[in-house]
Amino acid sequence: MKIVTWNINGVRARIENLCAWLKESDPDIVCLQEIKSVDENFPRLEIEALGYHVETHGQKGFNGVAILSKVSPDEVTRGLPGDDADEQSRFMEAVFSTGKGAIRVCSIYLPNGNPPDDPVKYPYKLAWMARLEAFAKSRLALEEPLVLAGDYNVIPEPHDCYEPAAWAGDALFLPKTRQAFRRIENLGFTDALRASSDGVPVYTFWDYQAGAWQKNNGIRIDHLMLSPEAANRLKSVAVEKHVRAWEKPSDHVPVAGYFDF
DNA sequence: ATGCCTTACATGGTAAGA
């Protein structure tokens, strides 16, 4: 089974790109982030025509997540628990049956948090990460295969960016951000790409500005975090970076995990 | 150099991204 996370940066602006990629990549489950669309305007017909079931959790203008799948999920829930007043659409969860039991998959769009001195944005990011940690801890107790897939807006380590000094004061790389990420990891999750990349720098995002793609000035912020039961079935991970060179690309590329399910 | 692009919303410049 192939499970992918991809920040699409506007699903309506990217629908031709997305359909071409679905045909080429042939994923079983796709977690999308930044769909930037309300559910009613999500281009579901084009995707359903390619044989995918579509579940969305959108909002007007920005944010928004979705899960596409060849097989219909048994259950879907929307919103990260822990703050009923949070109206930003950044989280959804789906459970699928496979020939080898159930698998649980979450599509995560973690807050950016910049600028860090903003009275709202960085505290919201850290609070959101604390909620994600609590959720992750509760789900681990189920002892099920679980994939927390998404754009974490976290650069975990210095070698996950082209120039650590340039990111020193950024909300994606601040010590508190990395610490909050490690707290989740240390509950017992495996960072799938790190576990399979032998320490070689691998990036998943290149800014549109300043020729970042051409200069390979990238960062690794899109992650597949695996419960032990999922990590034990991981076969390989691929960053489909060629997609970044397509016409009208997203600034993120798909990150795919291949599992023995 | 809080910009350099890009999307959405709206229909002209902002907000947001990372």
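Letters go in sequence order (proteins before strands), and every chain restarts at 1.
A:Lys125 comes within contact range of no nucleotide atom at all, as no heavy-atom separation falls under 4.0 Å.
When the P atom of B:dT6 is taken as reference, atom CH2 of A:Trp213 falls 15 Å away, rounded to whole Å. Atom CD1 in A:Ile35 sits roughly 15 Å away from atom P in B:dG17 (whole-Å rounding). What separates NZ of A:Lys36 from C1' of B:dA16 is a distance of 7 Å, to the nearest Å. The distance from atom CD of A:Gln88 to atom P of B:dA15 is 16 Å, rounded to the nearest whole Å. As a whole-Å value, the separation of A:Tyr122 OH from B:dG17 P is 15 Å. Following rounding to the nearest Å, A:Asp170 (CG) and B:dG17 (P) show an atom-to-atom distance of 12 Å. Distance CZ (A:Arg178) to C1' (B:dA18): 17 Å, rounded to an integer number of Å. If you take CD of A:Glu163 and P of B:dA18, they are 20 Å apart, rounded to a whole angstrom.
The side chain of A:Arg14 places no N or O atom within less than 4.0 Å of a non-bridging phosphate oxygen (OP1 or OP2) of B:dA8. Between A:Tyr208 and B:dA16 there is no side-chain polar atom (N or O) within less than 4.0 angstrom of OP1 or OP2. Remark: A:Asn7 is not in phosphate contact with B:dG17, judged by side-chain N or O atoms under 4.0 Å from OP1 or OP2. In this model, the phosphate group of B:dG17 is not approached by any side-chain N or O of A:His252 to a distance below 4.0 Å at OP1 or OP2.
Nucleotides B:dC4 and B:dC9, compared at atom P, are 23 Å apart to the nearest Å. For the P atoms, the distance linking B:dT2 with B:dG13 amounts to 23 Å, nearest Å. Taking atom C1' on both B:dA1 and B:dT11, the two are 30 Å apart, rounded to the nearest angstrom. Taking atom P on both B:dC5 and B:dA10, the two are 26 Å apart, rounded to the nearest angstrom. Taking the P atom of each, B:dT6 and B:dG12 are spaced 23 Å apart, rounded to whole Å.
The aromatic rings of A:Phe135 and A:Phe91 sit perpendicular, their planes meeting at an angle over 60°, well past the 30° parallel limit. Between A:Phe259 and A:Phe261, the ring planes lie tilted relative to each other; the angle falls in the 30° to 60° range. Using cut-offs of 30° and 60° on the angle between ring planes, the pair A:Trp167 and A:Tyr162 is perpendicular.
With 3.5 Å as the limit, one finds a donor-acceptor pair spanning the side chains of A:Ser25 and A:Glu240.
Of the candidates B:dA8, B:dC5, B:dA18, B:dA8 carries the atom nearest the A:Ala13 side chain, counting heavy atoms from C-beta on. Nearest to the side-chain atoms of A:Arg12 among the listed nucleotides B:dA18, B:dA8, B:dT6 stands B:dA8. The listed nucleotides are B:dC9, B:dT7, B:dA18; the one nearest the side chain of A:Lys248 is B:dT7. Of the candidates B:dG17, B:dA18, B:dT7, B:dT7 carries the atom nearest the A:Asn9 side chain, counting heavy atoms from C-beta on. Residue A:Leu172 places its side chain closer to B:dA18 than to any other of B:dC4, B:dA18, B:dT7.
Interface remark: the A:Asn112 side chain does form a donor-acceptor pair with the B:dA18 base, using a distance-only criterion of under 3.5 Å.
By the criterion of side-chain heavy atoms lying less than 4.5 angstrom apart, applied directly or through intervening Ile, Leu, Val, Met, Phe, Trp or Tyr residues, A:Ile67 is not grouped with A:Ile47; the two fall into different hydrophobic clusters.
Ring centroids of A:Trp21 and A:Trp6 are separated by less than 6.0 Å, placing the two rings close together.
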